[in-house]
Amino acid sequence: VNGAALGAGFGMMAACDIMLACDEAVFGMPEIDVGLAGGAAMLSHLVGKSRGRRIIFTGDRIPAQEMYRLGVIECCVPRAALMDEAMKIARAIASKSPTAMRLAKKAYNVCENMPQRDGYRFEQDITVQLSHTEDAREAQRAFAEKRKPVFKGR
């Protein structure tokens, strides 16, 4: 986010896997100012009951620094550094096994709404599934050979 993430823009940001912002960004749900309401489910998940209600009930704009302090966004950097920071994270993710990344995202999305015990079991099933992939064997060989793995997505 390199500007205002208000209303639906805030919701679009919240739908992202990893959220970053420049230090000039602001976040809010100004719908209340025009007699509307929305975003309760998203906000209660992101910031909790009290803060979410405050954001919806007041229409206040929350600065990026506060969203970072709350742990909502991954970083708050000067605008000129935002794309570099995003690309650094993207490169780290792109260096991983595509198969493992796909299943890790699936596990996170599914487990997010499960009781912890069920989520753990779901993740363990994925771990077993991944342990039989070519990428897992390549990662183990690369570790033993002290080199970076070359993943093929299999």
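Under a hydrophobic-cluster definition in which Ile, Leu, Val, Met, Phe, Trp and Tyr are linked whenever side-chain heavy atoms come within less than 4.5 Å, directly or via other members, L103 and F151 are assigned to different clusters. Linking Ile, Leu, Val, Met, Phe, Trp and Tyr whenever their side-chain heavy atoms come within less than 4.5 Å puts F27 and M42 in one cluster. No chain of hydrophobic side-chain contacts below 4.5 Å, direct or via other Ile, Leu, Val, Met, Phe, Trp or Tyr residues, connects V77 to M87.
Contact between P30 and G7 at its shortest, heavy atoms only, is CD-N, 3.6 Å. The two residues A107 and I126 make their nearest non-hydrogen contact at CB-CD1, 3.6 Å. Annotation for F122 and C111: closest pair CD2-SG, 3.8 Å, computed over non-hydrogen atoms. Across all their heavy atoms, R137 and H132 have their closest contact at NH1-O, 3.1 Å. Annotation for F10 and M67: closest pair CZ-CE, 3.5 Å, computed over non-hydrogen atoms.
Residue-environment remark: CZ (R147) exceeds the threshold of 12 foreign heavy atoms within 6.0 Å. Within 6.0 Å of CD on E112 lie more than 12 heavy atoms contributed by other residues, nucleotides or ligands.
Distance check: L20 CG to M83 CE gives 10.0 Å after rounding to the nearest 0.5 Å. In this structure, CD1 on I89 lies 5.5 Å from CD on E74, to the nearest 0.5 angstrom. Atom CG of residue N109 and atom CE of residue M114 lie 11.5 Å apart, to the nearest 0.5 angstrom. Note that CD1 of I56 is 6.0 Å distant from CE of M29, once rounded to the nearest 0.5 Å. Taking CD1 of I73 as the start and SG of C22 as the end, the distance is 9.0 Å to the nearest 0.5 Å. Taken from CD in E24 to CD in Q65, the straight-line distance is 9.5 Å, to the nearest 0.5 Å.
Considering only heavy atoms from C-beta on, Q124 comes within 4.5 Å of Y120 through its side chain. When side chains are defined from C-beta on, K152 counts as touching E134, because their heavy atoms get closer than 4.5 Å. Contact of the I93 side chain with the I18 side chain is registered, since non-hydrogen atoms from C-beta on lie closer than 4.5 Å. Here the side chains of L46 and M19 are in contact, with some heavy-atom distance below 4.5 Å. In this structure, the side chains of D17 and Y108 stay at 4.5 Å or more apart for every pair of heavy atoms. Taking 4.5 Å as the limit, some side-chain heavy atom of L130 sits within range of a side-chain heavy atom of T99.
Using modelled atom types, one side-chain atom of E138 and one backbone atom of V150 make a donor-acceptor pair closer than 3.5 Å. The backbone N or O of D23 lies less than 3.5 Å from no partner atom in the side chain of R79, so there is not a single donor-acceptor pair.
Considering D60, L43, V47 in turn, D60 is the only one that fulfils the side chain to side chain contact (heavy atoms under 4.5 Å, CB included) rule with R54.
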Are K88 and D84 close enough, and set up right, to give a side chain to side chain contact (heavy atoms under 4.5 Å, CB included), and what steps lead you there? CA-CA 6 Å; K88 182 169 75 174; D84 289 340; over 6 Å; no
